[in-house]
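Per chain, numbering begins at 1; letters A, B, ... match sequence-line order. All of these numbers come straight from a predicted model, not from anything done at the bench.
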Amino acid sequence: MIRITELHKYYSDFHLFKGLSIDVERGEVLVLIGPSGSGKSTFLRCINGLEIFQKGSILVDGGEIHGLAKERLSAFERDSIRKVRLKVGMVFQHFNLFPHKTALQNIIEAPVHVLGLDKKEAEERAMSLLKKVKLEGMKDMYPENLSGGEKQRVAIARALAMKPEAMLFDEPTSSLDPETVGEVLTIMKDLAGEGMTMVVATHEMKFAEDVADRAAVFDKGEIIETGIPEEIFKNPSKERTRAFLSRVLDR
Amino acid sequence: MKRKRYYNFKLDCFGASPLAMTPLRTVSLRAPSLVSLRAKRSNLVSSLRAGSCEAIPLLKFLYLNIALFIFLITLILFSNPQSAIAQDTLEKIKSSGEIVWGSDAEGGAPYIFPDPENPSRLIGFEVDLMDAIARELGIKQRQFQNSWDSLIPTLERGDIDIAINGIEITPARKEKVAFSNPYYIYTEQLVVRAKEERVKEASDLKGKKVGTLSGSAAQGILEGIGSVDIKIYSGQVEPYKDLSIGRLDAVLLDLPIAAYYAKPNPLLKFTGAPIGEGYYGIAMRKGDDRLKEEINKILERLFKSGEIKNIYEKWGLWNSSQERLISGFGIRDSGFKEPQFLPSESLRVLSFLPFLLKGALMTIIISVLSMILAVFLGLILVILRLYGSRILSILSTAYIEIYRGTPLLIQLYILYYGLPNIGITLNAFTAAVIGLGMNYAAYEAEIYRAGIEAIPKGQMEAALSLGMRRSLALQRIILPQAVKIAIPPVTNDFIALFKDSSLVSVIAMVELTKSYSILAVSSMKFFELGLITALLYFGMSYPLSLFARRLERRLKRGLS
Ligand SMILES: Nc1ncnc2c1ncn2[C@@H]1O[C@H](COP(=O)(O)OP(=O)(O)O)[C@@H](O)[C@H]1O
Ligand SMILES: [Mg+2]
């Protein structure tokens, strides 16, 4: 459902991705692991068109982004990126909730103004999502009054309100207090259980083992190995994977 | 004659009319205060962004200000300007060998102005007259430059010994200073376009647009005619310029000005007989009786010897009226009738209030309209700059930098006096609103930009990732947050604009500052009227500044 072919990405002179390719099946949960700075966030941001890349292509369920070398995109290019974004939702490490809107308003914003749903319908959809993330009592709270875990759950509900076919998570629990990490992971696990296609950059190895179908190990802009998480953790085929795992699992 | 200057740059870009050949009109700019004002504003923006705007202990600050204010007032009230000048001026100049005379060379020809061939040298009929007087006194003369409005206060302060600069002898002025016998009898000359048929004399001016200088005798005469649409100017060049391009139907000004500026212009002509009559005198401090006596004797000698006639003829100023000065009419002290055009009894200061309030209303109207323009144009500019196509972004950036990098005064001049050269003739009110609005738009755009850039990048990314177009994300997500940040500095800008609006007096708008200077110059009540005017400005800007502070506080709470 997501097919990345020969992706090349430069940050000015720095050649980060030198021809990355990977496919994600419909309903698959893929976790991206690897040391920080290895390119996981950039990879996710390329899929969502938040980052330009120089060569290669990204196909999402028919929608397609090609290598784009320029800063200012044409209207056609912007439109094709937007089509991809409408198919994949994104959850950020720092939530990026809209601070001037309540939890409910955050969620209905795009359904009303992008999909053109009427407000009532959007609110019904939002309320059922808030229930799903166990926050129905918080609908009128502003983000500044929510805890980190609550914010991230609202952010997940906000992305789901667009009825995406896949979800991208960029270290969704990395800026949370330890006691609220679990509530976010539970929601994500439920989501995986419903068959949602998910690509998750994370340092939560337990989550990877329990929930993910496959793990891709990133190092210095390369995917050095892929496989079933459990097997990779037990028996990594690459020395670099072993070094990374021993650092993370020791903690 | 009345000339008023705020700014200090030379302007000779009025195209190729004969008027442009005349000596440069010069005006004097309060650049330092403008600069510091801008600096303060940008500090405000940055401190806001840093969220570090410390709450000033408000009451303490207020008390400090009030104390300082009272201190200054006391200082002014109790310092007697006369006490500085203990000596008799005649003795002083004889012993120092030099007489210092005040005048305003920026005012223009033919009184005193920079020689077009050698601008560092001052020439004019009053320079010639002063040369002769100094020679007769057996001492040297030195010109002291100050704006025309300030000559009499300068004389009272003791910086100069006498003031000669087309100063009309009026009852109000005579309360403040002593005058020599008249040295020139001036009349007011009506000037119209060469093809004008309707206006032949002063009585034809009803319902017409007539230009004159602020505080001049001519202004008094025009007011006396009634239902004349009077346009007040600060310099002599502009009324004739506006007359030739049709913004005015006629100009009424002192004959010497008309003779020098309008007569050589083939587009214009004199019409009707000279109107009104008044006298230029040499102003001296009250109590300088010996100096006055001495100067009157010298004037008498110079008239009798024909030297003054020669000077006036050289400058094209001689006419039959002046004969009366020789025949002894002017030589006998106070043998002439008082001019009737200015308030003959000293009016109570409060009676000026309606006029000042009218000016204040104009200030409010201009400020509000130009601020509205600035707020919206600024928004367009910042959106083009940050999100427009490359060309639009460059154009918008250029606009912002050019408008911030050039004086507002020049912008107003170009808009009002420059554009007619390419066929765009705005009226003064429109030019004032557009000029101020376009200038402030550049500053507002920068404030918005600071606000927009203070919004974390993640906001735009989150909006885009939800499938919003950039324009929708801007409108729904970014701008509402940026506006919150921008409101306090924009309000502060509005306060600054209130004060900057006084600049539009250079394009013939009579707002509060202009109203003040008109009244102060004709009544000589600089101090009292100054206080009232300052209070009016304060009364307009203080509520705004309280409002800005409240918003700032609320915003700080909202952001924490
Ligand atoms: N905006 C940027 N400009 C320049 N270099 C960047 C930028 N963003 C990321 N990088 C670099 O790209 C590499 C990958 O970063 P990132 O995708 O954030 O890795 P990860 O998410 O795995 O920690 C890092 O070396 C980082 O320094
Ligand atoms: Mg990252």
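- Counted within 6.0 Å of CZ on B:F547, heavy atoms from surrounding residues, nucleotides or ligands total 12 or fewer; the atom is thus considered open.
- When atom types are taken as modelled, the side chain of A:R82 and the backbone of B:G467 share a donor-acceptor pair closer than 3.5 angstrom.
- Contacts from residues 93-104 of chain A to chain B, taken as heavy-atom pairs separated by less than 4.5 Å, involve A:N96, A:L97, A:F98, A:P99, A:H100, A:K101 in sequence order.
- When the candidates A:K83, A:R85, A:R158, A:M162 are compared by the number of heavy-atom contacts under 4.5 Å with chain B, A:R85 comes out ahead.
- Residue B:A462 comes nearest to A:F92 through the heavy atom pair CA-CE1, 3.7 Å, listed as atom of the first residue, atom of the second, then distance.
- Per-residue counts of heavy-atom pairs under 4.5 Å with chain B were compared for A:M90, A:K87, A:H113; the largest is that of A:H113.
- In this structure, chain B has a heavy atom under 4.5 Å from the backbone of A:V88, while its side chain stays farther away.
- Applying the 6.0 Å contact sphere to NZ of A:K189 captures no more than 12 heavy atoms from other residues, nucleotides or ligands.
- When side chains are defined from C-beta on, B:M468 counts as touching A:E109, because their heavy atoms get closer than 4.5 Å.
- Nearest heavy atoms, B:L466 versus A:L86: O-CD2, 4.3 Å.
- Ranked by heavy-atom pairs shorter than 4.5 Å toward chain A, the options B:M460, B:Q481, B:R476 are led by B:R476.
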Begin with the C-alpha distance, continue with both residues' side-chain angles, and end with the deciding distance and a verdict on side chain to side chain contact (heavy atoms under 4.5 Å, CB included) for A:D79 and B:R469. CA-CA 9 Å; A:D79 222 52; B:R469 290 198 167 82; 3.4 Å; yes

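- In this structure, chain A has a heavy atom under 4.5 Å from the side chain of B:L472, while its backbone stays farther away.
- Crowding of A:F76 atom CZ: a count of heavy atoms from other residues, nucleotides or ligands under 6.0 Å not exceeding 12.
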